[in-house]
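Everything quoted here is computed from the prediction, not taken from an experiment. A note on names: the letters A, B, ... follow the listed sequences, proteins ahead of strands, and every chain is numbered from 1. Below, all heavy atoms of this structure are taken into account, side chains as well, without hydrogens, waters or symmetry copies.
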Number of protein chains: 2
Amino acid sequence: MPPTSETLTAERILEATEEVLRRHGPAKATVVDVARALGVSHGSVYRHFRTKAALREAVTKRWLDRTSGQLSGIVAADRVPEDRLRDWLAALFAAKRRKAGEDPELFATYMVLTDENGTAVGEHITDLETQLTRIIQAGVEAGDFAATDPEASARAVFQATGRFHDPCYAREWEEPGTEADFAAVVDLLVQGLRRAQ
Amino acid sequence: MPPTSETLTAERILEATEEVLRRHGPAKATVVDVARALGVSHGSVYRHFRTKAALREAVTKRWLDRTSGQLSGIVAADRVPEDRLRDWLAALFAAKRRKAGEDPELFATYMVLTDENGTAVGEHITDLETQLTRIIQAGVEAGDFAATDPEASARAVFQATGRFHDPCYAREWEEPGTEADFAAVVDLLVQGLRRAQ
DNA sequence: CAGCTGACAGATATTGAAATCTGTCAGCTG
DNA sequence: CAGCTGACAGATTTCAATATCTGTCAGCTG
């Protein structure tokens, strides 16, 4: 199988790894498979990624960063903070749900990584909480929200909506009533953030 | 091994099963083991429980019901609804955390059952949501809470606090900062329930 | 005869040998 | 000589044979 004869770059390896993961799933996706897909020896892959875990983590990071990137657009949007918050949470839920449905194998890899406590997932969560903090901060400045500690509030909102973005709930996202449950939780949280009166 | 020579009852089987589960864990706890612990043949166990899954579910149900029973005392307590709500959520968190720590094997069984989608876990959740509904209903009647649909609000509160009672988060319950996170989420939810002004 | 036993068939789990994979590195190649 | 290869040791996974378990039931027993 003659591969693209360009030089072997980390990016090309990540591309191929994502494809192999998508095809074979996390359990049955070896470094040898990735090398074979690229038409190189597996030793060459180890030149760019120290371990298999590092490779898997890099793939997941890239994948998670795409979600973060999409969401950051909402943070910067020109809307009332409350609407930005609602949009952001809805977009997060939609993105996770779509990924779980469309790329089940990659999603499974993500779940493996969550268990492994790799830094990529932790950083992704920190990133999302930072985005949320900005929205809440904007709401406080606009006088709409009453949070004394926007960062803590952001963390609370993120954790309270876990049922709608945490992979461990993925199975339940397609059940009927989920939309209503999501709306109820978001309404309750938004109400809690609002300045009294 | 001469067993207690009383007649074999469902209760005695449950007792023995719980002990076997505690000792061996859910993966390595067979019906044969349970029968051996009771000094009877495994056929006798099947006289009381149609399948192994039914036995496991009955054990878990008994175990879950103990928690529900403790919490129901708080629902009926003579306190302001908001305090009852806070106490109830704190007690739920404390109970789950204690069980995860003290009876890890039984807790693992509970998690297996959650995956299996048995009715026991569903009923337990329904039970807890009903208790929450009563507290919120009391808060609405006292004019403290503004919920238009106490049942939906109860469900939202329950789901929003999932991080602090859902078994899939058990590992994180002992990490530093968890208490503060819990307090932040509860504060936000209580604030959201309060009557405006 | 109500309740229990133990043998049985089919399903599931365990085990150990063989195959594959991970990660390293000396040496080849362009 | 920078980058790649491929052989290698030890770790992990696969696979098939074996053992154990689940669920049933005819018959034993008190």
Query raised in the report: Where along residues 21-34 of chain A does a heavy atom come under 4.0 Å from DNA chain C, residue by residue in number order?
Result: A:T30, A:V31, A:V32

Query - Nucleic acid contacts - residues 44-58 of chain A versus DNA chain D, non-hydrogen atoms under 4.0 Å - result: A:S44, A:R47

Requested in this report: Establish whether the base of C:dG23 is bridged to the side chain of A:H42 by a donor-acceptor pair shorter than 3.5 Å.
Outcome: yes

Query raised in the report: Is the shortest distance from a Lys or Arg side-chain nitrogen in A:E19 or A:R23 to a carboxylate oxygen in the other one below 4.0 Å?
Result: yes

**Report entry** Complementary nucleotide of C:dA18, counting Watson-Crick and G-U pairs under 3.5 Å
**Finding:** D:dT13

Query raised in the report: Could you state the interatomic distance from CG (B:L189) to CD (B:Q159), rounded to the nearest 0.5 Å?
Result: 11.5 Å

Query raised in the report: Salt-bridged, B:R36 to B:D33, with N to O below 4.0 Å?
Result: yes

Query raised in the report: Whole Å only: how far is the CG atom of A:L38 from the P atom of D:dC4?
Result: 11 Å

Query raised in the report: Does A:R86 come within less than 4.0 Å of A:D187, counting only side-chain N to carboxylate O?
Result: yes

Report task. Specify whether B:F182 and B:F93 have parallel, tilted or perpendicular ring planes, treating 30° as the upper limit for parallel and 60° as the lower limit for perpendicular. Result -> tilted

Requested in this report: Please report the shortest heavy-atom distance between B:L85 and B:L132, naming the atom on each side.
Outcome: CD1-CD2, 3.3 Å

Query raised in the report: Can you name the closest pair of heavy atoms from B:E105 and B:R22 and give their distance?
Result: CG-O, 3.3 Å

Query raised in the report: Quick check, are the ring centers of B:W63 and B:Y110 under 6.0 angstrom apart?
Result: yes

Report summary line: By the Watson-Crick or G-U definition, both distances under 3.5 Å, C:dA26 is matched with D:dT5

